[in-house]
Novice: 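Okay, handing you the structure first.
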Amino acid sequence: VQLQASGGGLVQAGGSLRLSCAASGRTFSSYVMGWFRQAPGKEREFVASINRSGSSTFYADSVKGRFTVSRDNAKNTVYLQMNRLKPEDTAVYYCAAGQLMEVLERIYDYWGQGTLVTVSR
C-alpha cells in the first residue's frame with residue numbers, strides 16, 4: 001500500500017489542523033492505521049492509531065483530548081484532527097499502515113512521506 005500524507009502547515013498556538021493520509025494499492029480497510037510524529041532533534045513517537053473498522057482508537061497521553069483519529073474506508077483515507085495545538089506539537093507527522101494497533105513504529109509495514117506541522121507561539 002502507498003500512503004500520501006497532507007494537510008500540514010503553519011498554525012498559531014490554540015489553532016487547529018486536519019491531516020489526511022490517502023492510501024492506494026492493497027485494500028485499505030485491511031490495515032490498522034497509525035500516526036506518528038518526529039520533532040526536530042527528537043526520535044519519532046507514536047501519536048494515535050485506529051483499527052480497521054474505525055470503531056477503536058488509541059492515543060498518546062500528550063495528545064489525548066486534543067487530537068482525534070478517524071478513517072473513511074470508502075475514500076481510503078485516514079485523518080488526524082488536531083485541536084488546541086501547542087508549540088510542542090511542532091513536528092513532521094507520518095501516517096503508517098500495519099496489522100496491529102501498536103505504539104511501536106517497527107510494527108507498521110508501510111509509511112507515508114510525512115507532512116510538516118509548525119505551531120507558533
Novice: Could you measure the distance from the OG1 atom of Thr77 to the CG atom of Leu3? Nearest 0.5 Å is fine.
Specialist: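 Answer rounded to 0.5 Å: 10.5 Å.
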Novice: Lys64 vs Asp61, test: salt bridge (charged side-chain N to carboxylate O under 4.0 Å, His left out). Steps then yes/no.
Specialist: CA-CA 5 Å; Lys64 199 174 297 182; Asp61 287 343; 3.1 Å; yes
Novice: Gly65 and Arg84: which non-hydrogen atoms are nearest, and at how many Å?
Specialist: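 Smallest interatomic distance, heavy atoms only, reads O-NH2, 2.6 Å.
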Novice: If you look at every heavy atom in Asp72 and Phe28, which pair is closest and at what distance?
Specialist: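 For Asp72 versus Phe28, the nearest heavy atoms are O-CE2, 4.1 Å.
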Novice: Report the distance from atom CE of Met33 to atom CG of Asn73, rounding to the nearest 0.5 Å.
Specialist: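 Between Met33 CE and Asn73 CG, I get 10.0 Å after rounding to 0.5 Å.
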Novice: Linking Ile, Leu, Val, Met, Phe, Trp and Tyr through side-chain heavy atoms less than 4.5 Å apart, which residues share a cluster with Tyr108?
Specialist: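 Its cluster partners, ordered by chain and number, are Val32, Phe36, Phe46, Phe58, Val92, Tyr94, Leu100, Met101, Val103, Leu104, Ile107, Trp111, Leu116.
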Novice: Specify the closest pair of heavy atoms between Thr115 and Gly7, including all atoms of both residues, with the distance to one decimal.
Specialist: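 Heavy atoms of Thr115 and Gly7 come nearest at OG1-N, 4.0 Å.
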Novice: Going by heavy atoms in the side chains, are Ser20 and Lys75 under 4.5 Å from each other?
Specialist: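 The answer is no; the side chains never approach within 4.5 Å.
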Novice: Distance-only, no hydrogens or angles: does the Glu105 side chain make a donor-acceptor pair with backbone N or O of Glu45 under 3.5 Å?
Specialist: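 Between the backbone of Glu45 and the side chain of Glu105 there is no qualifying donor-acceptor contact (under 3.5 Å).
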Novice: Nearest 0.5 Å, what's the CZ-OG1 distance between Arg18 and Thr68?
Specialist: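 Separation between the atoms: 11.5 Å.
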Novice: Only one of Leu19, Val63, Val78 clears side chain to side chain contact (heavy atoms under 4.5 Å, CB included) with Val69; which?
Specialist: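 Answer after filtering Leu19, Val63, Val78: Val78.
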Novice: Please check if atom CD in Glu43 has more than 12 non-hydrogen atoms from other residues, nucleotides or ligands closer than 6.0 Å.
Specialist: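 Result for CD/Glu43: open.
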Novice: Of all heavy-atom pairs between Val1 and Ala97, which one has the smallest distance, and what is that distance?
Specialist: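 That closest heavy-atom pairing would be CG1-CB, 4.1 Å.
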Novice: State which residues pass side-chain hydrogen bond (donor to acceptor under 3.5 Å, both in side chains) with Gln38; sequence neighbours excluded, sorted by chain then number.
Specialist: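 Counting only residues at least two positions away or on another chain, Gln38 forms no side-chain hydrogen bond (donor to acceptor under 3.5 Å, both in side chains).
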Novice: So, taking the atom named CG in Asn76 and the one named OH in Tyr31, what distance separates them when rounded to the nearest 0.5 Å?
Specialist: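 The distance works out to 11.5 Å.
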Novice: Hey, does Met82 have a side-chain heavy atom less than 4.5 Å from the side chain of Arg66?
Specialist: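 They are not in side-chain contact.
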Novice: Holding to side-chain hydrogen bond (donor to acceptor under 3.5 Å, both in side chains), I want the full list of residues that pass it with Asn83, two or more places apart in sequence or in another chain.
Specialist: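 Testing Asn83 for side-chain hydrogen bond (donor to acceptor under 3.5 Å, both in side chains), a comparison that skips the adjacent residues, returns Ser16, Gln81.
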Novice: Show the nearest heavy-atom pair for residues Ala13 and Pro87, with the distance to one decimal.
Specialist: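 Heavy atoms of Ala13 and Pro87 come nearest at CB-CD, 4.1 Å.
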Novice: Does the side chain of Ser120 come within less than 4.5 Å of Gln12's, by heavy atoms?
Specialist: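 Answer yes - side chains close enough.
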Novice: Any disulfide (SG to SG under 2.5 Å) pairs touching residues 32-121, not counting sequence neighbours?
Specialist: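 Non-adjacent pairs meeting disulfide (SG to SG under 2.5 Å): Cys21-Cys95.
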Novice: Would you say Arg52's side chain and Gln99's backbone share a donor-acceptor pair under 3.5 angstrom?
Specialist: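 Yes.
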Novice: With rounding to the nearest 0.5 angstrom, report the CD to CD distance, Gln2 to Gln113.
Specialist: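 The CD atom of Gln2 sits 12.0 Å away from the CD atom of Gln113.
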Novice: Got a sec, which residues hit side-chain hydrogen bond (donor to acceptor under 3.5 Å, both in side chains) with Ser55, two or more places apart in sequence or on another chain?
Specialist: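 Partners of Ser55 under the side-chain hydrogen bond (donor to acceptor under 3.5 Å, both in side chains) test: Asn51, Ser53.
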Novice: If you round to the nearest 0.5 Å, how far is CZ of Phe67 from CH2 of Trp35?
Specialist: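 It is 11.0 Å, given to the nearest 0.5 Å.
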Novice: Which atom names give the shortest non-hydrogen contact between Val47 and Leu80, and what distance separates them?
Specialist: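 Minimum heavy-atom contact is CG1-CD2, 4.2 Å.
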Novice: Lys42: what forms a salt bridge (Lys or Arg N to Asp or Glu O under 4.0 Å) with it, not counting sequence neighbours?
Specialist: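 Result, salt bridge (Lys or Arg N to Asp or Glu O under 4.0 Å) vs Lys42: none returned.
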